[in-house]
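Inspection log for the structure reproduced underneath, given as structure tokens.
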Amino acid sequence: MIPLRIGEPHKQCFAMYHPATVRSGERARGAVLLCNPFGQEAIRAHRLYKLIAERLAREGVDVMRFDYYGTGDSDGEDEDVTIEGCVESVIASHCELIGRTSADRTACFGLRLGAAIALAATGKMYSPLEKLLLWEPPLSGAAYLAELASAHQVATTRDYGARNLYDESFMRLLVSESTHEALGFSITASMNKWLSGFELEPTSPSAAKNVIAFRENQSLPSGDSAGRRTEPIEWRTVPERVDWSANEMMNASVVPAQTLDAIVNCLLEPI
Amino acid sequence: VETSILFGPNDALVGTINHASSNSQSDIGFVFLNAGVVHRVGPHRINVKLARAVAKLHIPSIRFDLSGLGDSQRYKPAQNAGYDEMAAREISASLDTLTAKTGVTRFVLCAVCSGTVHAYAAATHDPRIVGMLLLDGYMYPTQRAKLNYFWLRAKRRLAQGNLFHWLASKAKPRSVARATAPAEAKQAVPAAKAGDTPGFFAHRPEKQEFAAMLRTLAQRGVEVCFIYAGGGLQYYNYPRQFDDVFGKLVRSDRVTSLFLRDIDHTVTRIAAQQALISAIINWTKVRYRA
């Protein structure tokens, strides 16, 4: 495990490189880039991402996870985050991964908004992805924003305990905030605009050779059923439902075991 | 400029150093600890924001993950040390690292929730630690705090329109109240008691014992600021609550407290984050002439 800062000076992203565990003289089976979800979801998914990386590395795969510019341990502030900037971070991290591994086969994984960002980045990478795995990608950016706004309101209402129910001015303040921040992170005007226009169709095109999307059973896009291939995205079901848009954090690291297995196995599948 | 490194025993720990500016650098360095299982960026990235705010005062910092948390790896401890002892040693290792990278020799620990215990344990044995900022650690409810909280709940019941039913249930012994409660109330999940609110940390040593430890730290010159959030009203709910408990027992202006009514335990709202950052920057400027 090697911590890195990648990108231009003063605009660097934190990245963690997990070299493949291979015998002397052997080459890695491939390389995988992990793309974070947004804001609070990234904090809750941090341990899951570390475990995915460690398990893949033990199976002989080079792995890199990273924080987009303006997020996590990277340079930049919340207000600097744009989807275009996130896409640039993906491309820079992918370059770094290829440069470190000389991998000729790379795959990418993204959860929630990370899936949408990874999808947007695939056409801009210097070498095409063999596989893109999306977990719970938002089908509609507007619905995703509404979900975040609702979660923010629930969290702040609950976290302020007894006070919120009789302090009307305080309640109005909480409601007004949910249009430009969600669970502790800014939703910039640029992000809002991009997401408002985002729709993921079951047949959304991608530059990746194989695109696989995981969703829980009940929420597959209409027209699909579990296991049925709909070009170019292959939709699969996962057994566990995770409420990602929640504020729990202190002792609420999210590692759904069966889905972790499914993600690792899918990324290890021969392409 | 920030750099991310491996350090500590077996290079198992991962940290990010903010080097601040090299011109007129302070001799104080900040160390940011994990809150619960949240990795080193802190709840809602507050550790990153605080690191950059203190860097503007020319104060470098390190934020890192204790072993087994965040990006840091577990390792076999020397002499079968327990987790708390390992945490204290790892904090000392972070001080060594920040000294090696930036030259600072005195340190302020900044911790939230369970991190406050590790900060406190480290400060009692490492003389390089000259300050602590502790958010929502060591809360001691007073009679006034309990009455305040009762009054807050009564106001909530009044707003909900069931004040009298609630007061009547309070007046009954618990066994009677449960036996006469509506069926749906019996099936409901029991209400959280003080000390077991999810995500909240309520560990505290005996008052006299804690006061003695605070006096020892104050005599050593350690500045301690206890910050309490308005999200934990069941434990702390008025500005001078800490003074009511410890004012006469500690008697030192090095030990202070702040009640930030409009912030919650994990500084969820951006306005709450800004309020906390502002309070910490003000304290730092006053205490260290930064």
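Note that the structure is predicted; figures quoted are calculated from it, not measured. Convention: sequence-line order gives letters A, B, ...; per-chain numbering from 1.
Between the side chain of A/Glu181 and the main chain of B/Ile270, a donor-acceptor pair closer than 3.5 Å is present. Of the possible donor and acceptor atoms, one in the side chain of B/Gln273 sits under 3.5 Å from a partner among the backbone N and O of A/Gly184. Using modelled atom types, no side-chain atom of A/Arg5 and backbone atom of B/Thr3 make a donor-acceptor pair closer than 3.5 Å. Checking side-chain atoms of B/His44 against main-chain N and O of A/Leu183 turns up a donor-acceptor pair under 3.5 Å. In terms of modelled atom types and a separation under 3.5 Å, the side chain of B/Arg52 and the main chain of A/Gly76 share a donor-acceptor contact.
For the pair B/Ile5/A/Pro3, no side-chain contact is recorded, criterion being any heavy-atom separation below 4.5 Å from C-beta on. By the 4.5 Å heavy-atom criterion applied to side chains, A/Glu54 and B/Gln73 are counted as neighbours. Side-chain contact between B/Thr268 and A/Gln40: absent, with no pair of heavy atoms (C-beta onward) separated by less than 4.5 Å. B/Asp71 has its side chain within reach of A/His46: a pair of non-hydrogen atoms, C-beta onward, lies under 4.5 Å apart. Residues B/Leu69 and A/Arg47 form no side-chain contact, since every pair of their non-hydrogen atoms from C-beta on lies 4.5 Å or further apart.
The contact between A/Ser186 and chain B is made by backbone and side chain atoms together, counting heavy-atom distances below 4.5 Å. For a residue to count as touching a neighbouring chain, one of its non-hydrogen atoms must lie under 4.5 Å from one of that chain's; by this rule A/Phe185 touches chain B with backbone and side chain alike. B/Ile46 does not touch chain A: none of its heavy atoms, backbone or side chain, sits under 4.5 Å away.
Here A/Arg65 is the residue among A/Gln12, A/Arg65, A/His10 with the most heavy-atom pairs under 4.5 Å with chain B. Contact count against chain B (heavy-atom pairs under 4.5 Å) is highest for A/Thr71 among A/Asp67, A/Thr71, A/Ile2. When the candidates B/Glu2, B/Arg45, B/His39 are compared by the number of heavy-atom contacts under 4.5 Å with chain A, B/Arg45 comes out ahead.
The pair A/Asp73-B/Arg63 counts as a salt bridge, with a side-chain nitrogen and a carboxylate oxygen less than 4.0 angstrom apart.
For A/Glu240, there are no salt bridge (Lys or Arg N to Asp or Glu O under 4.0 Å) partners two or more places apart in sequence or in a different chain. For the salt bridge (Lys or Arg N to Asp or Glu O under 4.0 Å) test, residues two or more places apart in sequence or in another chain that qualify with B/Asp65 are B/Arg40.
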